[in-house]
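Each remark here refers to the structure printed beneath this line.
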Amino acid sequence: MSSLSIQIPGLNLRNPVMPASGCFGFGKEFSQLYDLSLLGAIMVKATTPEPRFGNPTPRVAETPGGMLNAIGLQNPGLEKVFIEELPWLEQFDVPIIANIAGSTEDDYVAVAEQLSQAPNVKALELNISCPNVKTGGIAFGTDPDLAKALTKKVKNVSEVPVYVKLSPNVSDIVKIARAVEEGGADGLTMINTLLGMRIDLTTGQPILANKTGGLSGPSIKPVAIRMIYEVSQQVSIPIIGMGGIQSAEDVVEFFLAGASAAAVGTQNFIDPFVCPKIIEELPEILQRLGADHISELTGRSWKKNERLAYHRP
Amino acid sequence: MSSLSIQIPGLNLRNPVMPASGCFGFGKEFSQLYDLSLLGAIMVKATTPEPRFGNPTPRVAETPGGMLNAIGLQNPGLEKVFIEELPWLEQFDVPIIANIAGSTEDDYVAVAEQLSQAPNVKALELNISCPNVKTGGIAFGTDPDLAKALTKKVKNVSEVPVYVKLSPNVSDIVKIARAVEEGGADGLTMINTLLGMRIDLTTGQPILANKTGGLSGPSIKPVAIRMIYEVSQQVSIPIIGMGGIQSAEDVVEFFLAGASAAAVGTQNFIDPFVCPKIIEELPEILQRLGADHISELTGRSWKKNERLAYHRP
Amino acid sequence: MIKQENCRVVSNTQIGDNIFELVLSGELTANMSEPGQFVHVKVSNGFDPLLRRPISIAAIEKENSTFTIIYRRQGRGTALLAEKSAGEEVDILGPLGNGFPVMEAAQGQTAILIGGGVGVPPMYELAKQLAQNGVSVISVIGFQTESAVFYEKELARFGEVYVATVDGSYGRKGFVTDILAGFDFQADIVFACGPTPMLRAIDTGNFAPKTYLSLEERMGCGIGACFACVCHTKEDPHGYTYKKVCSDGPVFKAGEVVI
Amino acid sequence: MIKQENCRVVSNTQIGDNIFELVLSGELTANMSEPGQFVHVKVSNGFDPLLRRPISIAAIEKENSTFTIIYRRQGRGTALLAEKSAGEEVDILGPLGNGFPVMEAAQGQTAILIGGGVGVPPMYELAKQLAQNGVSVISVIGFQTESAVFYEKELARFGEVYVATVDGSYGRKGFVTDILAGFDFQADIVFACGPTPMLRAIDTGNFAPKTYLSLEERMGCGIGACFACVCHTKEDPHGYTYKKVCSDGPVFKAGEVVI
Ligand SMILES: Cc1cc2nc3c(=O)[nH]c(=O)nc-3n(C[C@H](O)[C@H](O)[C@H](O)COP(=O)(O)OP(=O)(O)OC[C@H]3O[C@@H](n4cnc5c(N)ncnc54)[C@H](O)[C@@H]3O)c2cc1C
Ligand SMILES: Cc1cc2nc3c(=O)[nH]c(=O)nc-3n(C[C@H](O)[C@H](O)[C@H](O)COP(=O)(O)OP(=O)(O)OC[C@H]3O[C@@H](n4cnc5c(N)ncnc54)[C@H](O)[C@@H]3O)c2cc1C
Ligand SMILES: Cc1cc2nc3c(=O)[nH]c(=O)nc-3n(C[C@H](O)[C@H](O)[C@H](O)COP(=O)(O)O)c2cc1C
Ligand SMILES: Cc1cc2nc3c(=O)[nH]c(=O)nc-3n(C[C@H](O)[C@H](O)[C@H](O)COP(=O)(O)O)c2cc1C
Ligand code: FES
Ligand code: FES
């Protein structure tokens with residue numbers, strides 16, 4: 001057994017590193033750069049029932065140590081994803097996590113029902129945290145009751161385990177996490193982007209056409225680590241961590257906080273080879289930290305006894 | 001009239017730039033570097049009824065584009081602040097904004113009542129957003145009803161206008177802002193720090209002794225801008241903006257978002273002369289932007305008509 | 001093939017007011033073909049700034065594995081780029097996108113190359129390749145003011161060059177379109193790169209039977225994966241069909257996309 | 001007087017495994033007096049990394065307005081510092097804090113200077129000043145391993161030097177305290193700077209009637225305003241009296257604060 005393989009609901013992964021949804025399209029572009037079968041999994045772009053164009057441009061703006069995006073869930077729609085994008089990905093030996101989105105509960109249910117039937121889709125990622133659409137998205141992610149109810153509905157129709165993607169734009173992330181766990185979620189993915197804005201001095205107007213956007217990149221890493229640290233101690237389902245990961249060291253920090261796998265978003269834009277690089281570098285870091293297997297690291301920052309055991313070998 | 005002077009409740013300021021609470025102590029250290037009378041105002045360190053030592057060290061950790069702190073409201077206590085620190089500051093011709101904190105409503109009331117009587121204290125800053133103390137602090141800042149009730153109580157005893165400092169760690173910042181406005185707040189200051197964490201790979205433990213800390217610095221600027229943009233359109237009291245300000249350009253961005261004055265926190269640590277530098281640079285930027293007075297910029301990003309008027313002079 | 005490579009700085013020369021010409025050496029030069037393609041430049045090792053900067057390829061020298069980019073020092077990214085000196089390395093991702101279809105201009109035909117400001121650089125490699133193919137090249141380039149003018153001489157190697165400046169301090173006063181309006185002949189093909197208002201004027205197709213435009217948009221990935229840079233197609237201006245400036249473009253046929 | 005100044009790099013030399021000696025030239029040298037003071041170094045122009053780094057002043061040369069700092073390349077900040085070359089500028093805030101009270105050692109007395117790892121640098125200036133005052137200086141310095149040893153020769157200019165390495169690859173195997181334990185005389189005064197466990201051992205006051213220790217703590221401002229670097233006083237170990245390492249220290253009398 002490799003020191004990197006992990007098992008979490010629905011996902012039997014050769015390694016815990018995967019591109020985050022929306023930062024990798026449906027894999028086509030990156031497949032020209034490296035063999036996608038190297039990846040632990042792929043979180044594909046959010047899919048809604050109908051095709052969406054998304055928001056007007058500019059859709060991205062740079063911030064100190066981060067970026068804002070307001071893509072607005074542009075995607076080719078359920079049908080095309082199901083009959084074109086997902087089958088195309090079957091040529092690679094890599095499990096797909098399908099990110100599902102919508103404006104209404106019915107939207108989510110429709111997408112979940114169909115996508116969970118795709119042979120290479122091994123898990124769903126319920127995106128109740130997109131800050132860049134007017135209806136749905138984050139509305140579900142900030143209200144525990146709505147989040148729980150939606151999780152239940154999606155669980156009812158899904159053929160595969162359901163991970164719920166949490167928004168960091170909440171007063172009490174643990175409350176939402178517990179609610180979706182009660183709703184039957186098999187796992188959590190966190191965090192989605194923080195809501196932010198930049199204003200252009202010359203025009204006096206927000207840089208993004210959508211005005212606000214989602215903040216991602218290294219600047220949000222401390223928020224992600226804190227939330228995963230808090231939530232992982234309060235739920236018993238696994239967490240796929242994300243938010244500012246740039247290196248194998250960052251992946252380890254997410255594990256120590258409580259994550260069981262890790263996703264890389266923004267950094268794919270800066271270094272498109274980042275995922276295979278991290279996968280290559282992880283074993284050496286594990287060795288340095290005296291861990292035989294990466295899963296030993298999950299939650300080590302709060303699992304006091306295990307840590308002590310490690311420090312007194 | 002200078003292009004920088006501003007009037008907001010209780011505060012008749014020669015310029016809108018002031019150090020943020022907790023990043024300037026009670027001014028002594030910086031008074032050795034420059035004349036404090038250059039400043040628009042000074043937001044002094046949080047004061048609690050009794051002296052506090054605060055949290056164990058390490059109390060700070062660096063993050064990408066930001067820093068975490070968990071000072072834990074260390075301060076010499078109400079009495080010493082009232083009879084030593086504030087009188088010492090009277091030698092400077094600069095209004096003081098006293099940051100008040102506590103564990104209970106009574107704590108806040110006691111501090112507010114006394115500090116508002118100091119001759120140089122022209123406004124109070126109600127700190128209901130400190131993430132680094134176990135009781136009080138942020139608890140008041142995430143619950144609209146508690147926030148409103150506390151604001152009322154403090155207003156009742158205060159001799160000077162009361163600004164409430166909002167926490168960004170909430171699902172709906174507008175709701176809290178409206179609540180404290182209803183509670184009688186004369187103004188808002190925002191944002192306090194985002195809750196974050198960093199874990200040391202070698203020890204496997206959080207770097208901060210307090211584990212979590214407040215994230216400040218440039219990395220949080222987009223969140224601050226977004227929140228001020230949202231809140232300033234929904235309340236009619238002025239906002240003193242802060243969060244990641246490093247330059248005069250940043251101050252302008254806060255004004256465009258909706259702020260009426262600006263505070264500089266973390267950057268004082270990196271460049272202790274940043275406040276006077278910004279004050280010096282502002283007039284030129286105003287000229288470049290075609291503004292006769294800085295207050296014209298407040299909310300220009302959403303005050304559509306004013307902006308158009310400006311673009312077609 | 002898109003490659004990522006730390007390319008070595010051969011030279012980094014100021015050639016105009018805040019305009020720099022950076023010659024880089026790297027193996028990925030071998031993959032460059034069409035003028036109008038661009039590279040995605042990481043100007044620092046850390047996260048300040050975080051994102052790459054898209055810059056057009058201005059000249060390709062396969063023989064010595066070097067290529068040239070020309071950029072305006074504008075914000076933090078290009079300011080840092082301007083500080084690089086010979087021998088240092090710059091992290092380059094490229095070549096990216098689809099450039100100008102050189103083959104659309106046949107031997108003996110006339111091509112007008114229109115460049116505005118930092119839209120001029122890709123015109124150099126384009127002019128070179130067109131001239132090699134026996135196409136008559138006329139360059140029409142526009143700038144803000146005299147001190148911002150660059151590459152007039154370089155373009156003159158391949159044909160006539162007309163210069164406009166907005167303030168009239170050099171060449172003709174006004175815009176490139178003022179020069180074009182004065183031409184008493186029709187070219188067979190027009191290629192353009194520059195500010196959006198300029199492109200909109202040329203997008204009308206008024207200046208030649210065939211027109212190609214290079215667009216700009218704020219980018220994330222630069223390789224087609226993030227959907228930051230999409231534009232609507234003219235056929236379906238309010239629908240959900242789209243083109244990505246980074247990977248479908250940046251060069252489009254006039255009338256293809258909504259500018 | 002604390003000043004902020006862009007100091008020019010005179011030299012930046014590797015003098016040991018990941019150990020660099022950086023000589024800077026700047027007017028603020030004039031304000032430096034006590035050995036054991038430190039400077040707060042901004043290693044980049046932007047926010048990567050954001051905070052300044054505290055580094056002890058190792059040598060002061062007022063005649064030519066230069067001073068020396070010695071640092072271990074450790075994280076991102078010191079790695080960037082190691083890349084600076086002669087002629088470049090480094091943003092320095094300083095001098096900061098209170099150093100070793102040189103005057104506490106009278107002419108003819110014996111002082112033991114104890115340095116562990118990157119606690120060695122301030123001992124150089126201290127040794128120099130003590131020697132100037134006619135104090136006999138004995139330096140005891142400890143390192144991880146042979147390749148990490150530095151400044152043995154430099155300190156030898158002012159008196160005897162004893163070296164310990166943890167792995168025994170150079171000098172005596174073990175810690176500086178092992179060397180101290182072997183001394184058959186008592187010094188009049190001890191000055192120490194190094195890792196906390198070492199300081200704790202010396203804080204006992206066992207090695208001399210007078211003992212001064214230089215502490216380390218994670219810092220924000222470095223000037224006493226942010227309360228990042230406080231420690232309890234021994235008199236009131238659980239109360240709210242405190243000392244700030246940056247502005248009350250970094251040098252404290254043994255027994256003054258809780259280490
Ligand atoms: C396909 C393409 C080719 C280009 N070719 C050239 C060229 O050959 N020479 C040249 O000088 N410039 C060119 N540009 C514009 C160049 O990308 C911007 O000037 C540059 O990114 C500004 O970076 P900065 O850090 O200096 O500015 P900042 O304002 O600090 O940049 C902040 C962010 O905004 C983005 N941004 C700012 N202006 C633009 C812009 N005009 N287009 C796209 N993104 C922008 C930056 O990439 C960055 O993400 C091209 C742009 C595109 C899309
Ligand atoms: C008063 C004082 C004097 C010092 N003198 C020297 C010296 O002469 N030579 C030398 O090599 N080192 C010295 N240090 C330690 C030095 O400050 C750190 O090694 C350095 O800050 C590490 O920065 P980095 O970017 O390489 O590491 P990183 O780990 O990337 O730093 C991250 C953050 O942690 C802080 N940090 C990390 N280690 C330390 C530490 N040991 N002490 C305080 N803050 C730390 C950094 O300042 C920064 O804010 C001194 C520290 C203090 C407090
Ligand atoms: C351009 C862009 C598009 C994104 N689109 C989606 C999306 O469609 N669905 C989703 O759940 N998250 C989306 N995200 C959020 C990321 O998956 C991730 O949660 C977030 O960016 C934090 O990780 P990072 O800092 O590594 O980028 C998007 C992020 C970016 C930057
Ligand atoms: C070290 C430190 C201590 C702080 N202490 C206080 C405090 O006592 N009271 C308070 O209201 N805010 C406190 N803050 C928050 C700042 O006043 C400010 O709201 C926040 O840091 C965002 O601004 P900045 O990014 O410019 O630092 C503190 C911040 C820092 C970094
Ligand atoms: S920039 Fe990412 S799709 Fe074009
Ligand atoms: S570092 Fe700020 S008080 Fe010492």
Side-chain angles (χ1 to χ4, degrees), chain A residues 19 22-34 44-46 48 50-77 80 200 207-209 213 216-219 221 244 246 265-274 277, chain C residues 1-6 28 31 40-54 74-77 91-97 196 215-233 236-248 257-259:
Chain A
C23 302
F24 209 75
F26 289 92
K28 283 221 178 70
E29 296 75 18
F30 285 88
S31 75
Q32 292 161 31
L33 303 181
Y34 60 83
V44 293
K45 177 94 194 125
T48 53
E50 303 300 324
R52 288 203 191 187
F53 181 80
N55 292 320
T57 58
R59 292 178 170 187
V60 294
E62 201 177 38
T63 69
M67 66 174 278
L68 294 168
N69 89 77
I71 308 294
L73 295 185
Q74 176 159 24
N75 79 92
K80 187 145 176 247
D200 183 305
I207 292 182
L208 298 177
S216 64
S219 56
K221 199 183 70 168
Q246 296 196 296
T266 304
Q267 187 64 14
N268 288 294
F269 307 159
I270 294 144
D271 177 1
F273 299 92
V274 60
K277 272 185 203 161
Chain C
M1 255 302 283
I2 300 170
K3 279 189 69 170
Q4 181 186 5
E5 188 179 347
N6 290 325
L28 50 68
N31 301 338
H40 222 18
V41 185
K42 180 94 179 83
V43 297
S44 82
N45 285 325
F47 46 77
D48 177 21
L50 183 68
L51 298 177
R52 289 177 179 270
R53 271 44 182 169
Q74 186 165 310
R76 175 142 181 86
D91 176 352
I92 300 287
L93 182 72
L96 302 178
T196 306
L215 265 56
E216 259 190 26
E217 190 49 80
R218 300 232 169 195
M219 292 185 177
C221 65
I223 62 170
C226 76
F227 291 83
C229 66
V230 297
C231 49
H232 283 283
T233 60
D236 179 24
H238 304 293
Y240 50 80
T241 48
Y242 62 89
K243 294 285 175 182
K244 296 175 197 158
V245 171
C246 69
S247 54
D248 297 321
V257 297
V258 179
I259 301 181

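Note that the coordinates shown come from a computational prediction; the quantities given were computed from them, not determined experimentally. Here is the naming used below: chain letters follow the sequence lines, and residue numbers restart at 1 for every chain.
- The side-chain heavy atoms of A:T57 and C:V245, taken from C-beta on, include no pair separated by under 4.5 Å.
- Interatomic distance, OG1 of A:T266 versus CG of C:L50, reported as 7.0 Å (0.5 Å rounding).
- When heavy atoms are compared at a cutoff of 4.5 Å, C:S247 does not approach chain A at all.
- In terms of heavy-atom proximity, A:P272 sits nearest to C:Q4 at CD-OE1, 4.3 Å.
- Looking at A:E50, neither its backbone nor its side chain comes within 4.5 Å of chain C, counting heavy atoms on both sides.
- For the pair A:F30 and C:I223, the minimum side-chain heavy-atom distance is below 4.5 Å.
- Within the 4.5 angstrom heavy-atom criterion, only side-chain atoms of C:L93, from C-beta onward, approach chain A.
- With a threshold of 4.5 angstrom between heavy atoms, A:I270 approaches chain C through its backbone and through its side chain.
- Crowding of C:N45 atom CG: a count of heavy atoms from other residues, nucleotides or ligands under 6.0 Å not exceeding 12.
- Per-residue heavy-atom pair counts under 4.5 Å with chain A were compared for C:R76, C:K3, C:E217, C:K42, and the maximum is reached by C:E217.
- Atom CZ of A:F269 is separated from atom CE of C:M219 by 13.0 Å, given to the nearest 0.5 angstrom.
- Most heavy-atom pairs under 4.5 Å with chain C, from the set A:G54, A:P51, A:C23: that is A:P51.
- Ion pairing between a basic and an acidic side chain is recognised when a charged N comes within 4.0 Å of a carboxylate O; A:E62 and C:R52 show no such pairing.
- Contact annotation: the side chain of A:R59 approaches that of C:V230 to within less than 4.5 Å [non-hydrogen atoms, C-beta and beyond].
- For A:P64, no part lies near chain C; criterion is any non-hydrogen pair under 4.5 Å.
- Interatomic distance, A:N69 CG to C:R218 CZ, rounded to the nearest 0.5 Å: 14.0 Å.
- For the atom pair C:C226 SG and A:M67 CE, the distance stands at 6.0 Å (nearest 0.5 Å).
- Here NZ of A:K80 is found 9.5 Å from OH of C:Y240. Values are rounded to the nearest 0.5 Å.
- Contact annotation for C:M1: only side-chain heavy atoms (C-beta onward) come within less than 4.5 Å of a heavy atom of chain A.
- Rounding to the nearest 0.5 Å gives a distance of 11.0 Å between CZ of C:F47 and CD of A:Q267.
- Heavy-atom distances place both the backbone and the side chain of C:H232 under 4.5 Å from chain A.
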